[in-house]
Number of protein chains: 2
Amino acid sequence: MLNFPTLHTSPFLSVLPETLANKVKEIAVVVKYNDGEFIHDRGDMKRGLSIVKTGAVNVGVYGEDGAFILTSTLGEGQCFGEFTLFTKLPRTHHAAARGVTEIYQIPGKKFMGLTEKEPQILNALLTVTLMRTHYLIEMLDAFRRLPLRERTAKTLVTMMGPRGATGTKGGEYKISCRQSELASMLGVTRVSLNRVLQQLADLTLIKIGYGYIEILDTNCMISWVGRHCGLTALEG
Amino acid sequence: MLNFPTLHTSPFLSVLPETLANKVKEIAVVVKYNDGEFIHDRGDMKRGLSIVKTGAVNVGVYGEDGAFILTSTLGEGQCFGEFTLFTKLPRTHHAAARGVTEIYQIPGKKFMGLTEKEPQILNALLTVTLMRTHYLIEMLDAFRRLPLRERTAKTLVTMMGPRGATGTKGGEYKISCRQSELASMLGVTRVSLNRVLQQLADLTLIKIGYGYIEILDTNCMISWVGRHCGLTALEG
DNA sequence: CATTAAATGTAAAAAATGTTACATTTGAAC
DNA sequence: GTTCAAATGTAACATTTTTTACATTTAATG
């Protein structure tokens, strides 16, 4: 149902030791959103941490032409809004539910109070944030250095999530996303994206479907990306 | 002497309360590097936090053609290597001194020990890291959405550092960097960059020099970027 | 199974960027 | 001030990407 780029990082709730995760959940209010419903808007000043309980969240902005530009999608256990806790800036992105979604909402002051008693929470939040920074630096690098075909392949790999989690080990892996969404993430038009997807299909790395892309052999794909995109330590 | 993209974020040592900054300095060893000398190499496993005492540090990677691709430059008070403290991954970037540079080097275990006694340090590190994440997301957005001319102008603005710190208020501001460096950061060739710089010069936003670029009126420049690049809350 | 909206596929001209090669300018060192 | 290496400016052509417009395929619905 959902395998979208989860920023290629571990969820906050998984990094947190279980006892602490429970304490965080205790001070949270669970709010339910329907598909497409907005959780936060760009410009909002209200401070607080949000964590995905079930479902998923699209994060992005509206371009000048009114089209929603997807920055990333967050899966279960992942947090967002932490930026509002440590700065005084308004939110820079919209967050919208992807399917029926439940969110743990934690007011800023409540959360900061808990971190004073349990500084270990900061450790986990820092770990998650640094992993995101790492991912973002890699993506920036891809934009700078890689041709579209390679950049696309690399992005597809990051969209696979933790190795072997869903797909058969070394086997195929299905990514549900429209070409227009992927194009928006990669900063190109759907026409250009379609062209390079077909090139990757010709290389028998992927198979193009209606609303999804299938990676035919995850090991082959990862190895191809390693050879053609260089630099990347895609996993430790 | 040095005004390069400092990731457009506050230095770690400035965010940290002074007493804590001193405690961090106390457990550090100061190491001196000459211009161009490597501080860390990609692939290094040794864990530790580094902070720029004086001078500056170029962070980047070597491309397949052997050319150094600049990711960012860090100024005084800024930290790097924090990624090695919270994950077990090797370093992903090279770090080289830009001019004669002194670095506070703090071994991983020592630093983590201090944070247990003074969790406030994690707070500061988190703040800095989140600001970097914010900057990186903005840059990624620029790559996705903006034409080269706009992306260049926006990058120049972020290279100005804290508003009015060095340049005359609302007046001119001189950025020392070669066109080839800027081109590498923007992921284009020097030829293309030169073309758009001249366009910005024709708009009387900048003046192109030998080894530097002068922003003629910082207020005009910021306003132009605001109008043409959209979205960005460049400052709170 | 016919209909329909959404998604994908394709084609051609225009625009942007890269490649290559060379000319010119600048600033520092002597 | 001459010399020289480094940096910037420029031009022609190749390649990639966008733009625009339309055709085709798919999956869901009645």
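Comparing the end axes of the helix from dC1(C)-dG30(D) to dC30(C)-dG1(D), each fitted to five base pairs by superposing C1' atoms of four pairs onto the next four, gives an inter-axis angle of 40° (nearest 10 degrees).
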Exercise. Where along nucleotides 15-20 of chain C does protein come under 4.0 Å, by heavy atom, of base (B) or sugar-phosphate alone (S), with - for untouched nucleotides?
Worked result: --SBBB

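The interatomic distance linking K207(B) (NZ) with dT26(C) (P) rounds to 10 Å, in whole Å. Note: CZ (R190(B)) to C1' (dA7(D)) measures 7 Å, nearest angstrom. A straight line from OH of Y210(B) to C1' of dG27(C) spans 6 Å, rounded to a whole angstrom. Atom-to-atom, CD1 of I208(B) to C1' of dT8(D) comes out at 9 Å; the value is rounded to the nearest Å. Here dT15(D) presents its C1' atom at 13 Å from CD of Q199(A), a figure rounded to the nearest Å. As a whole-Å value, the separation of R178(A) CZ from dA6(C) P is 10 Å. Following rounding to the nearest Å, L200(A) (CG) and dG9(C) (C1') show an atom-to-atom distance of 16 Å. dA6(C) atom C1' lies 13 Å from atom CD of E181(A), rounded to whole Å.
Distance CG/D217(B) to CH2/W224(B): 14.5 Å, rounded to 0.5 Å. Atoms CD1 and CG, on I213(A) and L200(A) in that order, are 9.0 Å from each other to the nearest 0.5 Å.
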For this session: Kindly indicate, with the supporting measurements, whether the criterion side-chain contact (heavy atoms from CB on, under 4.5 Å) is fulfilled by H40(B) and Q105(B).
Result: CA-CA 11 Å; H40(B) 297 302; Q105(B) 296 282 24; 4.1 Å; yes

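In this structure, the side chain of Y104(B) does not engage the main chain of V52(B) through any donor-acceptor pair within 3.5 Å. Between the side chain of S10(A) and the backbone N or O of V15(A) there is no donor-acceptor pair closer than 3.5 Å.
For Q179(A) and dA6(C), the shortest distance from a side-chain N or O to OP1 or OP2 is not below 4.0 Å.
At least one test fails for R144(B) against the ring of F143(A): distance under 6.0 Å to the centre or angle within 45° of the axis.
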